[in-house]
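Each chain gets a letter, A, B and so on, in the order the sequences are listed, and its residues count up from 1.
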There are 2 protein chains.
Amino acid sequence: MGKNLVGNHIRKLRFNHNEMTQQQLADKVGVTRQTIVALEKGNYSPSLELAFRIAHAFGLPLEEVFFYGDDTSH
Amino acid sequence: MGKNLVGNHIRKLRFNHNEMTQQQLADKVGVTRQTIVALEKGNYSPSLELAFRIAHAFGLPLEEVFFYGDDTSH
DNA sequence: AATATATGTAAAGTAAACTTGACACTGAGT
DNA sequence: ACTCAGTGTCAAGTTTACTTTACATATATT
């Protein structure tokens, strides 16, 4: 049902990179925790605006957090 | 309302880079022409998925087409 | 003058992103 | 045994992205 073609490394980044909880990330980017859960699970892809804010929260360019199609590079 | 914080270079790219009409771009990325109009006008920001497809249509990385906040670099 | 192409706009509808509130499970700490 | 932090999930609601249809205007072409 409308297979989501966009993937992300949010969960990995929370642990490896920042040791951040879902709630902390949610607060930092201004959404609810449920939204972070949904994104990590791949239920849907974020708005471009939210994607920018999340990437910014990790101090990374957008395309190092989100990718289109298969994750070939990481 | 709810000022759109994401900008883009779609219109510039259509002319300078590809000589593409709104309709051609719309077809290429699988949306209607009205969506392209709205994006160029900055009425709203696209989904992340659509942003990826548009960047791909221009053969550019996403962040060379879309930017967060002011356009400092171009 | 007529036709075609490219663009702007607007109203009403659908679909998807995101919120709110609530409850369940696990693992660590006391 | 109890509590608490972190996570998963679900249902119902709001907001925003996107569609559909339709009409307007400007420029170029015949």
Side-chain angles (χ1 to χ4, degrees), chain A residues 1-58 60-71, chain B residues 1-58 60-71:
Chain A
M1 299 129 204
K3 45 179 98 161
N4 187 8
L5 297 172
V6 178
N8 68 75
H9 302 295
I10 295 178
R11 194 175 190 89
K12 220 176 307 175
L13 287 167
R14 272 200 307 117
F15 289 117
N16 302 349
H17 198 260
N18 285 54
E19 288 288 354
M20 209 181 259
T21 69
Q22 291 176 337
Q23 187 63 62
Q24 288 173 327
L25 177 58
D27 291 344
K28 210 169 183 191
V29 302
V31 295
T32 61
R33 188 177 63 84
Q34 284 79 348
T35 297
I36 303 297
V37 173
L39 294 179
E40 289 190 359
K41 280 202 66 190
N43 288 357
Y44 47 73
S45 55
S47 65
L48 179 57
E49 199 165 325
L50 178 53
F52 268 120
R53 293 205 303 270
I54 291 174
H56 183 74
F58 288 124
L60 291 172
L62 192 149
E63 290 183 275
E64 286 184 30
V65 181
F66 299 93
F67 52 91
Y68 190 69
D70 303 329
D71 180 19
Chain B
M1 310 255 103
K3 44 181 96 170
N4 187 7
L5 297 173
V6 178
N8 68 76
H9 301 296
I10 295 177
R11 193 174 190 90
K12 220 177 309 176
L13 287 167
R14 273 200 306 118
F15 289 117
N16 301 349
H17 197 261
N18 286 54
E19 289 287 354
M20 211 182 256
T21 70
Q22 291 176 337
Q23 187 63 63
Q24 288 172 328
L25 177 57
D27 291 344
K28 209 168 185 193
V29 302
V31 295
T32 61
R33 187 177 63 83
Q34 282 78 350
T35 296
I36 303 297
V37 174
L39 294 179
E40 289 189 359
K41 280 203 65 191
N43 288 357
Y44 47 72
S45 53
S47 65
L48 179 56
E49 198 166 327
L50 177 54
F52 269 119
R53 293 206 302 271
I54 291 174
H56 183 76
F58 288 124
L60 291 172
L62 191 148
E63 290 182 275
E64 285 184 31
V65 181
F66 300 92
F67 52 90
Y68 190 70
D70 303 329
D71 180 19

Legend entry - For atom OH of Tyr44(B) and atom P of dC18(C), their distance in whole Å: 15 Å

Legend entry - Non-hydrogen side-chain atoms of Leu60(B) and Leu13(B) separated by less than 4.5 Å: yes

Legend entry - Among dC18(C), dA17(D), dT9(D), the nucleotide that comes nearest once only the side chain of Thr35(A) is considered: dC18(C)

Inset, instruction - Could you check which of dA6(C), dA17(C), dG8(D) has an atom nearest any side-chain atom of Thr21(B)? - result: dA6(C)

Legend entry - Identified side chain to side chain contact (heavy atoms under 4.5 Å, CB included) counterpart of Thr35(A) within the set Val29(A), Leu25(A), Leu50(A): Leu50(A)

Inset, instruction - Kindly say if Arg11(A) contacts the phosphate of dT7(D), meaning a side-chain N or O under 4.0 Å from OP1 or OP2. - result: no

Legend entry - Sub-4.5 Å side-chain heavy-atom contact between Phe52(B) and Leu62(A): yes

Inset, instruction - Please assess Val31(A) against Arg53(A) for the test side-chain contact (heavy atoms from CB on, under 4.5 Å), listing each intermediate value before the final yes or no. - result: CA-CA 10 Å; Val31(A) 295; Arg53(A) 293 205 303 270; 4.1 Å; yes

Inset, instruction - Among the candidates dG8(D), dT9(C), dC18(D), find the nucleotide nearest to the side-chain atoms of Val31(B). - result: dC18(D)

Legend entry - Minimum-distance nucleotide (side-chain atoms of Pro46(A) versus dT7(D), dT7(C), dC18(C)): dC18(C)

Inset, instruction - Compare side-chain N and O positions of Gln22(A) against OP1 and OP2 of dG8(D) and report whether any pair is under 4.0 Å apart. - result: yes

Legend entry - Taking every non-hydrogen atom, the tightest pair across Phe67(B) and Asn8(B): CE2-N, 3.3 Å

Inset, instruction - Ignoring backbone atoms, test whether Lys41(B) places a side-chain nitrogen or oxygen under 4.0 Å from the OP1 or OP2 oxygen of dT7(C). - result: no

Inset, instruction - To the nearest Å, give me how far apart CD (Glu49(A)) and P (dT16(D)) are. - result: 10 Å

Legend entry - Chi angles and distances behind the ring-ring contact (aromatic ring centres under 6.0 Å, His included) call for His9(B), Phe58(B): CA-CA 11 Å; His9(B) 301 296; Phe58(B) 288 124; over 10 Å; no

Legend entry - Out of dA17(C), dG21(C), dT9(C), whichever nucleotide has its closest atom nearest the side chain of Gln34(B): dT9(C)

Inset, instruction - Return yes if the base of dG8(C) and the side-chain atoms of Glu40(B) contain a donor-acceptor N/O pair under 3.5 Å, otherwise no. - result: no

Legend entry - Spacing of Leu25(B) atom CG relative to dT5(C) atom C1', expressed in whole Å: 17 Å

Legend entry - Glu40(B) and Arg14(B) ion-paired at < 4.0 Å: yes

Inset, instruction - Calculate the interatomic distance between Leu48(B) atom CG and dA16(C) atom P; express it in whole Å. - result: 16 Å

Legend entry - Short side-chain N/O contact from Ser47(A) to OP1 or OP2 of dC18(C), under 4.0 Å: yes

Legend entry - Rounded interatomic separation in angstrom, taking CG from Leu5(A) and C1' from dA16(C): 14 Å

Inset, instruction - May I have the distance from Gln23(B) (atom CD) to dT7(C) (atom C1'), rounded to whole angstrom? - result: 11 Å

Inset, instruction - Sugar-phosphate atoms are those with a prime plus P, OP1 and OP2; base atoms are the rest. Using that split, label each nucleotide of nucleotides 24-30 of chain D B, S or - for protein heavy atoms under 4.0 Å, 5' to 3'. - result: -------

Legend entry - Side-chain N,O (Arg53(B)) to OP1/OP2 (dC18(D)) below 4.0 Å: no

Legend entry - Of the listed nucleotides dC18(C), dG8(D), dA17(C), the one nearest the side chain of Leu50(A): dC18(C)

Legend entry - Rounded distance (Å) that lies between atom P of dT7(C) and atom CZ of Phe15(B): 5 Å

Inset, instruction - Find the distance Ile10(A):CD1 to dG8(D):P and express it as a whole number of Å. - result: 12 Å

Inset, instruction - Supply the atom-to-atom distance Leu48(B) CG to Leu48(A) CG, rounded to the nearest 0.5 angstrom. - result: 6.0 Å

